[in-house]
Amino acid sequence: MSWSVGIDVGGTFTDLAAVGPDGALRTGKVLSTPADQGAGVADALARFGVPGAEIARIAHGTTVVTNLLLERSGARVVACLTEGATDLLELRRQERAALYDLTAHHPAPLVDHTRVVAVRERMNGDQVRVALTREECERVADAVAALEPEIVLVALLHSYASDAHERLLAESLRRRLRHVEVVRSGDVLPEIREYERTATAAAEAYARPRVMHYLGMLERRLASTGHPAPMVMTSGGGMRTTHDAARGAASLALSGPAGGVVGAAAVLRAAGFTQALTIDIGGTSADAGLIQQGEPLVEPGGEVAGIPIALPRVLVETVSAGGGSILWIDDGGALRVGPRSAGANPGPAAFARGGTAPTLTDAHVLLGHLDATHLSGGVTLDPAAAQAAIAPLAATLGVAPAAVAVAALAIADAAMARALRRVSVDRGVDPRDAVLVAFGGAGPLHGTALADLLEMRTVLIPPHAGVLSAVGLAMAPERREAASSVMLRADAFTEPRCTSLCQALAARAEGEDRRYVARVRYEGQGHELDIPVRDGDDGHAIAARFTSLHQLRTGFTLDRAVEIVAMRLAASGPQRAATFARSAAPTFDAARRIDEGGPCDAVLDGPTTIILSDATVRISAGWRARALAVGGWLVERV
Amino acid sequence: MSAQTARFDPLGLAVMSHAVAMIAEDMGSVLMRGALSPNIRERRDASCALFDARGRMIAQAAHIPVHLGAMPESVRAVMARPYASGDVWILNDPNHGGSHLPDLTLVEVIGDGSEVIGFAAVRAHHADVGGMSPGSMPFGATELVQEGIVIPPVRLVAGGVPDEALLALLLANVRTPGERRGDLAAQRAACATGAAGWRALRARVGASALDAAAGALLDYAERRASARLEEVGVRRGFAEDALEGDGVTDAPVPLRVEVAITASGRLQLDFTGTSPRVRGNVNCPVQVTRAASLFVLRTLLADDVPTNEGIARVIDLKVPDDSCISARWPAAVAAGNVEMSQRITDLLFAALADAGVPVIAQGQGTMNNVTFGGAGWTFYETLGGGQGASAVGAGPSAVHVGMSNTRNTPIESLERAYPMEIERYAIRRGSGGKGKHAGGDGVVRRYRVLEYCTVTLLTERRHRAPTGAMGGRPGAPGRNLLNGTEVPAKCRLQLQPGDVLTIETPGGGGWGG
């Protein structure tokens with residue numbers, strides 16, 4: 001066995017975690033290189049030092065898609081849409097961008113209406129209402145060519161039911177434009193609801209050429225140093241080869257946050273738990289997630305930079321509260337935290353890198369939660385600068401600076417608790433029945449305070465809390481996905497039909513661990529639940545499982561036909577096993593409460609702090625922390 | 001600021017603001033998960049709010065502006081009766097805390113033992129509450145009783161014990177009792193969630209601290225609203241407008257308002273001169289007028305000002321008695337909620353613009369209500385249009401403006417479920433008013449029906465265009481066409497297979513000459 005390496009590119013740091021031949025974990029951190037993410041990746045590998053020949057796999061979490069959607073630096077797409085419905089991307093779902101800010105606009109569509117070509121054809125379900133003729137295909141191909149596309153999108157109405165017209169048109173386009181790729185909506189997301197399908201396919205077309213370029217460059221860069229080709233984490237928490245990933249560019253949009261929840265799930269299982277809420281607190285934001293039966297909750301949906309991407313993604317809800325969030329006083333006289341952030345640059349005042357605005361980190365420094373000598377990334381702390389930054393707020397409010405700091409932490413906790421409640425209550429999970437996994441650079445500082453607000457009894461501080469996303473990447477299995485529209489009532493979905501559909505999907509996605517999921521709803525409902533499908537199932541078995549999940553999630557069932565909308569397959573390779581264990585040294589420094597991963601069986605009562613190599617744990621009063629044999633700490637309410 | 005709120009530590013404001021908003025959001029989650037009907041679950045035509053023992057609204061999770069700040073009336077209506085800990089009251093009577101009949105409001109009296117410590121209220125638009133036509137938004141109604149079952153505040157649950165006889169009476173008067181029963185169960189669950197959250201918060205911070213915090217939160221929202229108005233400065237303005245017919249006749253229904261922003265940061269609205277109550281159902285109760293006023297004020301404030309009753313304190317409302325915007329029994333009001341509410345918003349924006357406040361030009365000013373009914377099926381939808389332009393830029397196109405924000409129905413879902421096809425769904429390019437910044441464009445939606453059916457149109461701004469601001473041009477008025485021939489703004493039509501109905505929604509007004 002050789003090494004499996006995970007590399008997570010964040011806004012500030014590029015984190016590396018590696019599972020060695022013996023299952024042991026090693027971690028590291030370098031500064032990110034936003035202009036060319038690949039440079040930071042190469043730098044992290046160089047720092048890691050293990051020769052490329054001894055590395056079996058490099059797994060990469062990337063923000064390249066997120067960034068190109070935010071910066072609008074994707075490809076020039078020409079779209080072919082059904083005549084009469086060419087404005088779909090602009091019409092969206094007709095709700096406005098903000099309830100009260102009436103001047104707010106949704107982000108402009110990724111494909112401007114001047115680059116949409118109308119296609120004379122019409123399906124209704126799988127019935128042809130207006131046939132797509134050869135002449136029409138040629139006319140459309142000419143019109144598309146005249147618009148000089150970098151890539152072409154074909155998204156026709158009802159293609160979830162029959163993609164015959166989409167295929168026909170795509171063939172004509174490929175013949176006419178030999179060097180231009182064609183993306184079909186029925187291929188990207190074969191599901192009913194034209195806006196979501198078309199918008200997702202548009203994101204795919206928009207991102208694909210840049211993603212191909214980036215991954216190609218990265219592959220060559222790593223090859224030059226003798227490293228294997230990287231794999232890439234998808235929003236759904238699986239790994240793909242660069243070749244597959246480049247053809248599923250839209251599914252990389254939430255690559256980074258997914259890695260964190262995957263890593264949290266691995267640690268949770270190692271510690272012997274199955275249900276958890278996760279909170280990953282970084283410099284500018286906090287991500288809340290949910291783990292059930294030891295696996296991250298994966299659901300389709302979500303938006304990136306205002307662009308809906310209706311593909312499966314590890315559920316993560318983000319709030320603007322992180323270490324760099326700026327403290328301020330509003331026009332009603334209330335102290336506030338964020339959403340503005342000092343970010344990594346100039347950063348908190350206490351980092352003495354030019355920042356003067358008071359931040360959440362400064363509040364922690366002022367209260368003595370952070371040890372000046374032990375902070376990752378080579379940062380030294382300047383407590384006087386934190387004090388100076390917070391003093392003006394304290395003067396305005398007429399209280400002591402420490403009171404401002406305490407209040408600021410309480411405000412951030414309240415905002416994050418709201419996000420944790422949303423991910424759990426929305427899915428019928430009572431937070432009191434779950435463990436809170438707190439990670440990211442600032443997560444362990446807030447764990448017990450959040451648990452207090454949510455009446456949770458157990459907090460898990462994972463080992464490697466500051467680089468847990470990279471750990472998740474190193475361990476995640478390779479995964480391929482395939483999907484197909486079904487649109488049948490459960491009673492018409494017979495066992496042979498189910499089996500043959502599963503076989504058809506399996507032929508499109510290899511992997512020894514195959515998980516089939518049916519997207520199911522009551523007829524007439526507007527959204528679906530994901531129901532696991534097993535060998536030998538028929539529609540009735542799926543409907544029965546759907547009914548009990550519906551009861552659990554919503555508190556009721558209906559006397560109404562059950563409809564299977566689509567089937568998806570996620571086929572995974574083996575998960576890379578990591579041994580979570582404490583290393584041989586250095587021994588826990590009980591006097592200064594420094595835990596660098598070595599032997600420790602301490603039990604500590606709050607209020608206190610524990611210093612980890614990449615994060616600081618704060619234990620509130622009323623909580624007791626026990627060092628875990630697998631590394632990290634289990635904190636329980638006394 | 002009262003004496004007791006002075007004791008509340010202002011450092012705790014943002015924390016308490018999150019804590020109470022979280023409870024209201026929890027209520028919303030439970031309601032959306034539990035509700036049966038798409039109107040509540042998908043279109044989110046529902047709101048949840050939390051009140052203290054004095055009936056002050058501390059937090060609201062609003063998904064739709066027309067419910068904004070309207071629920072305090074419901075709680076006050078319950079408080080006027082002999083309520084007790086553990087009760088859940090139900091009401092829809094516009095004369096006693098309701099808005100229009102499809103909006104059923106549940107109010108739980110939150111108790112700690114026998115002591116009443118607060119109220120949790122949940123309002124949801126039900127797909128049918130009886131009356132003369134399916135959907136309970138009848139065309140041509142002239143009396144409230146034609147629009148559905150009228151429910152004054154009554155106990156659905158008394159001291160924890162459900163009144164099954166009352167529920168049976170209510171369900172016997174609606175077309176879809178099973179769905180109503182489920183939606184009401186979801187509303188009760190949402191109320192219970194609010195009650196549990198409020199009790200837990202009270203246990204955590206203590207009764208007197210929570211009372212002080214509630215007062216401080218209201219004062220805080222009031223301060224922020226007031227600070228914004230002071231920043232706008234002393235202003236006076238005037239506007240008049242009219243609805244294009246009351247649903248029975250085409251005679252315009254005039255509205256007028258004088259607005260003043262005072263030096264002390266108050267917003268005075270005087271609707272004197274507005275039409276008396278009309279015969280058709282475009283009337284609304286004063287709660288809807290208050291909601292529209294609050295919405296317009298809310299658009300002037302930063303998004304992060306918490307939604308509680310404190311904002312409403314800076315508004316002085318003067319409305320003529322029993323007018324079309326303060327209609328009383330036995331006035332029909334079903335359409336007032338959807339169309340009169342829009343016109344009040346338009347009127348207020350025009351008056352603020354006249355006063356020199358930098359608000360947007362008028363948007364489409366209608367929800368474009370389209371209801372099809374055939375053998376064994378009904379289908380209702382509302383259509384977006386152009387938003388008005390503003391000093392900062394063009395108006396957004398093809399969105400719901402004003403008091404609604406519900407989503408569209410996907411073409412693919414609609415064509416699968418109903419005997420019709422959407423031939424065209426497009427931006428109505430060029431319909432936004434010209435100006436330095438153009439108004440948003442409306443939409444075109446063309447339906448081809450495949451079976452015999454009726455269609456009821458309840459639309460506005462077909463003649464009186466949305467006006468521009470600061471010299472901007474008006475948006476294009478909307479048009480309704482049957483097989484290419486224009487039909488009235490409000491009408492009921494019999495359709496044959498192959499008939500084509502086209503709705504062109506209005507564009508928003510432009511800004512700047």
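A, B, ... follow the sequence lines: proteins, then strands. Residue 1 opens every chain.
For B/Gln387, the part lying near chain A is the side chain, with the backbone staying farther off; criterion is any non-hydrogen pair under 4.5 Å. Contacts between A/Arg422 and chain B at a heavy-atom distance below 4.5 Å involve the side chain alone, from C-beta outward. For B/Ala35, the part lying under 4.5 angstrom from a heavy atom of chain A is the backbone only. Contact of B/Ser413 with chain A is made through backbone and side chain together, with heavy-atom distances under 4.5 Å. Proximity to chain A involves both the backbone and the side chain of B/Ala426, based on heavy atoms less than 4.5 angstrom apart. Interface residue A/Val399: only side-chain heavy atoms are found under 4.5 Å from chain B. Heavy atoms closer than 4.5 Å to chain A are found nowhere in B/Arg446, neither backbone nor side chain. Contacts between B/Ile360 and chain A at a heavy-atom distance below 4.5 Å involve the side chain alone, from C-beta outward. Of the two parts of A/Leu102, the backbone and the side chain both hold a non-hydrogen atom closer than 4.5 Å to a non-hydrogen atom of chain B. Proximity to chain B (any heavy atom under 4.5 Å) is restricted, for A/Leu558, to the side chain, taken from C-beta onward. Interface remark: A/Ala403 contributes backbone and side-chain atoms alike to the contact with chain B (heavy atom separation under 4.5 Å). When heavy atoms are compared at a cutoff of 4.5 Å, B/Ser404 approaches chain A solely by way of its backbone atoms N, CA, C and O. If you measure heavy-atom distances from A/Glu523 to chain B, you find no contacts under 4.5 Å at all. Using a 4.5 Å cut-off between heavy atoms, A/Leu453 touches chain B through backbone and side chain atoms alike. Only the side chain of B/Arg429 comes within less than 4.5 Å of a heavy atom in chain A; its backbone stays farther off. Only the backbone of A/Ser159 comes within contact range of chain B, with heavy atoms under 4.5 Å apart. Only the backbone of B/Ile422 comes within less than 4.5 Å of a heavy atom of chain A; no side-chain atom from C-beta onward does. Contact of B/Glu222 with chain A is not made at all, since no heavy-atom distance falls under 4.5 Å. In this structure, chain A has a heavy atom under 4.5 Å from the side chain of B/Asp303, while its backbone stays farther away.
A/Glu196 places no side-chain N or O within donor-acceptor distance of the main-chain N or O of A/Gly301, the cut-off being under 3.5 Å. Not a single donor-acceptor pair under 3.5 Å links the side chain of A/Asn124 to the backbone N or O of B/Glu421. When atom types are taken as modelled, the side chain of A/Glu166 and the backbone of A/Gly186 share a donor-acceptor pair closer than 3.5 angstrom.
Interface summary for chain A: among B/Ile64, B/Leu383, B/Val30, B/Leu301, the most heavy-atom pairs under 4.5 angstrom belong to B/Leu383. Counting heavy-atom pairs closer than 4.5 Å to chain B, the top-ranked of the candidates A/His106, A/Met487, A/Gln94 is A/Gln94. Highest contact tally toward chain A, considering only B/Gly34, B/Gly384, B/Ala185, is held by B/Gly34 [criterion: heavy-atom pairs under 4.5 Å]. The choice from B/Glu412, B/Arg228, B/His18 that makes the most heavy-atom pairs within less than 4.5 Å of chain A is B/Glu412. When each of A/Leu88, A/Thr103, A/Thr86 is scored by its heavy-atom pairs under 4.5 Å with chain B, the top score falls to A/Thr103. In terms of heavy-atom pairs under 4.5 Å with chain A, the best-connected choice from B/Ala14, B/Ala302, B/Ala189 is B/Ala14. Residue with the most contacts toward chain B among A/His113, A/Arg92, A/Met123, A/Arg122: A/His113 (heavy-atom pairs, distance under 4.5 Å). For the set A/Glu455, A/Arg418, A/His158, A/Glu95, the entry with the most heavy-atom pairs within less than 4.5 Å of chain B is A/Arg418.
B/Glu25 and A/Arg421 are not joined by a salt bridge, as no carboxylate oxygen comes within less than 4.0 angstrom of a charged side-chain nitrogen. Between B/Arg424 and A/Glu83 no salt bridge is recorded (no basic side-chain N to carboxylate O distance below 4.0 Å). Electrostatic pairing of A/Arg197 and A/Glu194 does not count as a salt bridge here, judged by no charged N lying under 4.0 Å from a carboxylate O. Salt-bridge annotation for B/Arg407 and B/Glu381: absent, with no side-chain N of the basic residue lying under 4.0 Å from a carboxylate O of the acidic one. A salt bridge links A/Asp330 to B/Arg224: at least one charged side-chain nitrogen sits closer than 4.0 Å to a carboxylate oxygen.
A/Glu563 places none of its side-chain heavy atoms less than 4.5 Å from the side chain of A/Leu488. Between B/Tyr425 and A/Leu91, some side-chain heavy-atom pair lies under the 4.5 Å cut-off. Counting heavy atoms from C-beta outward, A/Val486 and A/Val565 have side chains that stay 4.5 Å or more apart.
Aromatic ring orientation, A/Tyr522 versus A/His550: perpendicular (interplanar angle above 60°, classes split at 30° and 60°). Using the six-membered ring where Trp is involved, B/Trp377 and B/Tyr418 have ring planes that are tilted, between 30° and 60° apart.
Around atom CZ of A/Arg427, more than 12 heavy atoms belonging to other residues, nucleotides or ligands sit under 6.0 Å away.
Side-chain N/O atoms of A/Asp413 and A/His446 include a donor and acceptor closer than 3.5 Å.
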